[in-house]
Amino acid sequence: MKREVKIGVFALLMLVALYAMFNYFKGQNIFSSTNDYYVVYENVSGLEVSSPVDIKGMQVGVVTDVQLDTESDGVRVTMQVKKAYPIPVDSRARLYSTSIMGGKGICLELGTSSEVFEADAEIPASVEADMLGSIASQVGGLVDGLQTTLGKVNGTLDGVNGVIADNSATIKDAVANVDDITANVNKLLADKGDEIRSIVDGLNSLADNLKNNSEKIDGIIASVDNIADSLQSADLRGVVDNLSTTLSELSVTLANVNQGDGTVSKAINDPELYNSLVSAVDNLSVLLADLKENPKKYINVTVFGRKEKEAK
């Protein structure tokens, strides 16, 4: 084989290798079997040739061409998808953000139809809000809420400032009173510091005594508990019942006395008998008084027989 033929074959192989390498870096594989499809979007900002085409997060193809479509006044995007992944006719090609920096890709949302798209068919388009746009909308909502909150806070501060302005004199007086109270407290602490310390020492001593006599206190409490248990266990019900019976009998007796039955009731309720008793008592009192003043009138005592009579 001539040298020139060898050089020509080598150059051709190099060109094929370069073409294959170029398409490989573009995301295309010239040795795989693919189908071309296209989608029309209104705006494809961030979508480029070699952007990924995936199904459920797995790449199944690439974007091969992006150009304006004068007929639809949009952007026509051509993509290559491996033939191993047929696309049902009720599927959609969703444009989505692949990163926060604005990169875009196409996600094939497969339908459930048994009929599939032919090669070079148009797939219906759908668009997902990009990350920055979504974040911006959320931030915008937060900013609106923050502005509303700040407006309310400003209104509240204005009201507080108004109250302070209207009551500034009262507030000053209150502050002055607080200063006076503080000064008085400081003076009291300075003048009565020793007494306060003595009181605190006394309280500490009391606490120590209580702590040291805790066993005795526990004993007292235990004794009180025992007394309470004894009272609880005593037959208080029987005592109360006996007392009730006694009171009932006393009530019956008093009722009989008041009704005039028996000697006692007659003695109490008969006025003549009462007057006679009073008269007898009066006479007895007079007799006793006379006996005390003149005992010889009623008592004759003979000591020595006749001599006593002669003395008379």
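For the pairing with Val178, the side-chain contact (heavy atoms from CB on, under 4.5 Å) check across Val175, Asp180, Thr182 returns one residue only, Thr182. With Tyr37 as the fixed residue, the side-chain contact (heavy atoms from CB on, under 4.5 Å) test singles out one of Val53, Asp120, Val81, Thr78: Val81.
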In residues 200-209, what donor-acceptor pairs under 3.5 Å come from side-chain atoms, sequence neighbours left out?
| unit_1 | atom_1 | unit_2 | atom_2 | d |
| --- | --- | --- | --- | --- |
| Asn204 | ND2 | Val200 | O | 3.2 |
| Asn209 | ND2 | Ser205 | O | 3.3 |

Run the side-chain donor-acceptor check on residues 85-93: report pairs under 3.5 Å with partners two or more places apart or on a different chain.
| unit_1 | atom_1 | unit_2 | atom_2 | d |
| --- | --- | --- | --- | --- |
| Asp90 | OD1 | Thr112 | N | 3.2 |
| Asp90 | OD1 | Ser113 | N | 3.3 |
| Asp90 | OD2 | Thr112 | N | 3.0 |
| Asp90 | OD2 | Ser113 | N | 3.3 |
| Ser91 | OG | Pro88 | O | 2.9 |
| Ser91 | OG | Gly111 | N | 2.8 |
| Arg92 | NH2 | Ala125 | O | 2.8 |

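The backbone N or O of Gln80 sits nowhere less than 3.5 Å from a side-chain atom of Thr34 that would complete a donor-acceptor pair. Checked by atom type and distance alone, the side chain of Lys104 pairs as donor or acceptor with a backbone atom of Ser45 at under 3.5 Å.
Of all heavy-atom pairs spanning Val44 and Leu95, the tightest one is CA-CD2, 4.2 Å. Here the shortest heavy-atom pairing between Glu42 and Val75 reads O-CG2, 4.3 Å. The two atoms that bring Val40 and Ser72 nearest to each other are CG1-OG, 3.3 Å, heavy atoms only. Scanning all heavy atoms of the two residues, the minimum distance from Asn35 to Ala119 falls at OD1-CB, 3.9 Å.
Annotation: the span from Asp65 atom CG to Met79 atom CE amounts to 12.5 Å, rounded to 0.5 Å. Note that OG of Ser97 and CD of Glu128 are 6.5 Å apart. Values are rounded to the nearest 0.5 Å. Atom CD of residue Glu215 and atom CG of residue Asn213 lie 9.0 Å apart, to the nearest 0.5 angstrom. The CD1 atom of Ile55 lies 4.5 Å from the CG atom of Leu110; values are rounded to the nearest 0.5 Å. With values rounded to the nearest 0.5 angstrom, Asp54 atom CG is found 7.5 Å from Leu108 atom CG. In this structure, CG on Asn186 lies 12.0 Å from CD1 on Ile181, to the nearest 0.5 angstrom.
Take Glu109 and apply the side chain to side chain donor-acceptor pair (under 3.5 Å) test, not counting sequence neighbours, and it matches Arg94.
Connection of Val66 to Ile106 is established within a shared hydrophobic cluster, with ILVMFWY side chains joined at heavy-atom distances below 4.5 Å, either directly or through further cluster members. Ile199 and Val185 fall into different hydrophobic clusters, where Ile, Leu, Val, Met, Phe, Trp and Tyr side chains are chained together by heavy-atom contacts under 4.5 Å. Under the 4.5 Å side-chain heavy-atom criterion for ILVMFWY residues, a single connected hydrophobic cluster contains both Phe117 and Tyr41. Residues Leu47 and Leu68 share a single hydrophobic cluster, defined by chaining ILVMFWY side chains whose heavy atoms lie under 4.5 Å apart.
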(Q) side chain to side chain contact (heavy atoms under 4.5 Å, CB included), that's the test. Do Leu150 and Lys152 meet it? Break it down for me. (A) CA-CA 5 Å; Leu150 289 176; Lys152 293 180 180 180; over 6 Å; no
